[in-house]
Amino acid sequence: MTKNKNLINNHSFNFRLKGTASILIGIYMLLGATLIKAVLTGFITDNSPLGFLSIENIEVFIGLIIVFIFFFSLLAIFFGSRRTARKLGYNVWNKLSKKSCWLLLSLFFLVYLIGHLLLENGYFNYIVPAFLICYGFLLSALNYNKYTGLYVLTIGSLLLGIFSLFIPAYWQYSLISLGLAHIAFGTLVKN
């Protein structure tokens with residue numbers, strides 16, 4: 001316990017996409033894509049209780065799913081980074097970590113705002129491609145240590161966004177592919 005009270009200030013970014021956190025983010029993306037697809041399918045099906053809800057309620061429900069995915073992903077990154085920093089005897093929160101956390105939060109809200117504006121203007125087929133392309137740029141912007149594997153994940157996200165832009169019916173498969181890519185990245189980085 002006394003070891004934790006005498007932590008050293010480090011001058012590096014603590015919040016990085018690493019093995020276990022990337023695997024958990026991939027699992028959250030897989031679950032989120034499947035749950036959103038189930039909600040949309042249930043909404044257009046007469047036998048489902050979701051078919052009786054209004055479009056506004058479905059939008060709120062899907063928005064909450066996205067917010068929960070982001071929240072759990074952020075927690076995975078935080079607790080994974082905290083564990084690593086504590087093992088090294090470093091403080092978790094330093095100036096650079098706070099800066100990267102605020103940058104991550106502001107970029108998330110920007111991506112969410114773009115998706116919401118596309119939804120409000122009726123461009124439903126562009127929501128997932130815009131998310132995937134923005135997510136690729138977000139990964140690139142937060143790649144402080146210039147990891148090659150993270151650049152590969154960035155390029156994969158951009159290509160999946162372009163693919164789902166031209167073939168909008170496969171939006172779920174694009175999100176599932178990104179989730180599987182996160183799991184593969186996390187497994188490779190962990191080993």
Side-chain angles (χ1 to χ4, degrees), residues 15-43 50 58-81 83 100-101 103-119 123-143 147-191:
F15 302 110
R16 294 187 200 125
L17 191 60
K18 296 177 187 168
T20 306
S22 181
I23 292 171
L24 288 173
I25 290 171
I27 291 171
Y28 299 149
M29 283 188 181
L30 290 173
L31 291 174
T34 306
L35 189 58
I36 289 171
K37 180 66 175 180
V39 166
L40 291 174
T41 304
F43 178 68
L50 294 173
I58 295 295
E59 288 175 3
V60 169
F61 191 64
I62 291 174
L64 286 174
I65 292 171
I66 293 169
V67 168
F68 279 128
I69 290 170
F70 172 74
F71 178 71
F72 287 129
S73 299
L74 194 61
L75 284 178
I77 291 173
F78 171 75
F79 284 119
S81 297
R83 183 177 349 121
S100 65
C101 185
L103 179 66
L104 179 67
L105 287 173
S106 61
L107 288 175
F108 169 74
F109 287 119
L110 178 68
V111 171
Y112 194 81
L113 180 67
I114 290 170
H116 184 71
L117 289 174
L118 288 171
L119 178 70
Y123 297 113
F124 305 113
N125 290 335
Y126 298 115
I127 294 173
V128 173
F131 165 74
L132 290 170
I133 292 170
C134 289
Y135 188 73
F137 287 127
L138 181 116
L139 285 176
S140 178
L142 296 175
N143 190 5
Y147 290 128
T148 306
L150 203 53
Y151 280 130
V152 171
L153 188 62
T154 299
I155 292 170
S157 177
L158 292 171
L159 289 175
L160 285 171
I162 292 169
F163 174 74
S164 64
L165 181 66
F166 291 117
I167 307 172
Y170 292 116
W171 65 267
Q172 181 190 12
Y173 301 117
S174 297
L175 289 176
I176 287 174
S177 299
L178 182 63
L180 292 174
H182 260 289
I183 292 172
F185 173 75
T187 304
L188 291 175
V189 170
K190 193 173 184 179
N191 293 333

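These values consider heavy atoms only, across backbone and side chains, with no hydrogens, waters or symmetry-generated copies.
In this structure, Trp171 and Leu40 approach most closely via the heavy-atom pair CZ2-CD1, 3.9 Å. Nearest heavy atoms, Leu158 versus Ile133: CD2-O, 3.4 Å. In plain terms, the two heavy atoms of Tyr112 and Gly63 that are nearest each other are OH-CA, 3.4 Å. When all heavy atoms of Ile114 and Cys134 are compared, the closest pair comes out as CD1-SG, 4.0 Å. In terms of heavy atoms, Leu178 sits closest to Ser157 at CD1-CB, 3.9 Å. A pairwise comparison of heavy atoms in Ala130 and Leu118 identifies CB-CD1, 3.6 Å as the closest pair.
Counting heavy atoms from C-beta on, the side chains of Ile183 and Leu30 come closer than 4.5 Å. Between Pro129 and Ile162, every side-chain heavy-atom pair lies at or beyond the 4.5 Å cut-off. Using a 4.5 Å cut-off on side-chain heavy atoms (C-beta onward), Phe185 and Leu150 make contact. In this structure, Val39 and Ile65 have side chains that are in contact, with non-hydrogen atoms separated by less than 4.5 Å.
Atom CD1 of Ile127 sits about 4.5 Å away from atom CG of Leu119, to the nearest 0.5 Å. Between atom CD1 of residue Ile69 and atom CG of residue Leu175 there is a gap of 8.5 Å, rounded to the nearest 0.5 Å. Between Phe68 atom CZ and Leu31 atom CG the span is 14.0 Å, to the nearest 0.5 Å. Separating the CZ atom in Phe163 from the CG atom in Leu160 is a distance of 8.0 Å, to the nearest 0.5 Å. Note that OG1 of Thr41 and CD1 of Ile36 are 11.5 Å apart. Values are rounded to the nearest 0.5 Å. From Lys37, atom NZ reaches atom CD1 of Ile62 across 11.0 Å, with rounding to the nearest 0.5 Å.
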(message) Pair Tyr126, Leu165 - check side-chain contact (heavy atoms from CB on, under 4.5 Å), show working.
(response) CA-CA 7 Å; Tyr126 298 115; Leu165 181 66; 3.4 Å; yes
(message) Leu138 vs Leu104, test: side-chain contact (heavy atoms from CB on, under 4.5 Å). Steps then yes/no.
(response) CA-CA 8 Å; Leu138 181 116; Leu104 179 67; 4.1 Å; yes
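A side-chain hydrogen bond (donor to acceptor under 3.5 Å, both in side chains) check over residues 174-186, counting only residues at least two apart or in different chains, returns the pairs Ser22-His182, Tyr135-His182.
By the 30° and 60° cut-offs, the orientation of the rings of Phe70 relative to Phe108 is parallel.
Not one N or O on the side chain of Ser164 forms a donor-acceptor pair closer than 3.5 Å with the backbone of Tyr170. With hydrogens and angles ignored, the 3.5 Å screen pairs a side-chain donor or acceptor of Ser106 with a backbone N or O of Leu103.
More than 12 non-hydrogen atoms from other residues, nucleotides or ligands lie less than 6.0 angstrom from OH of Tyr151.
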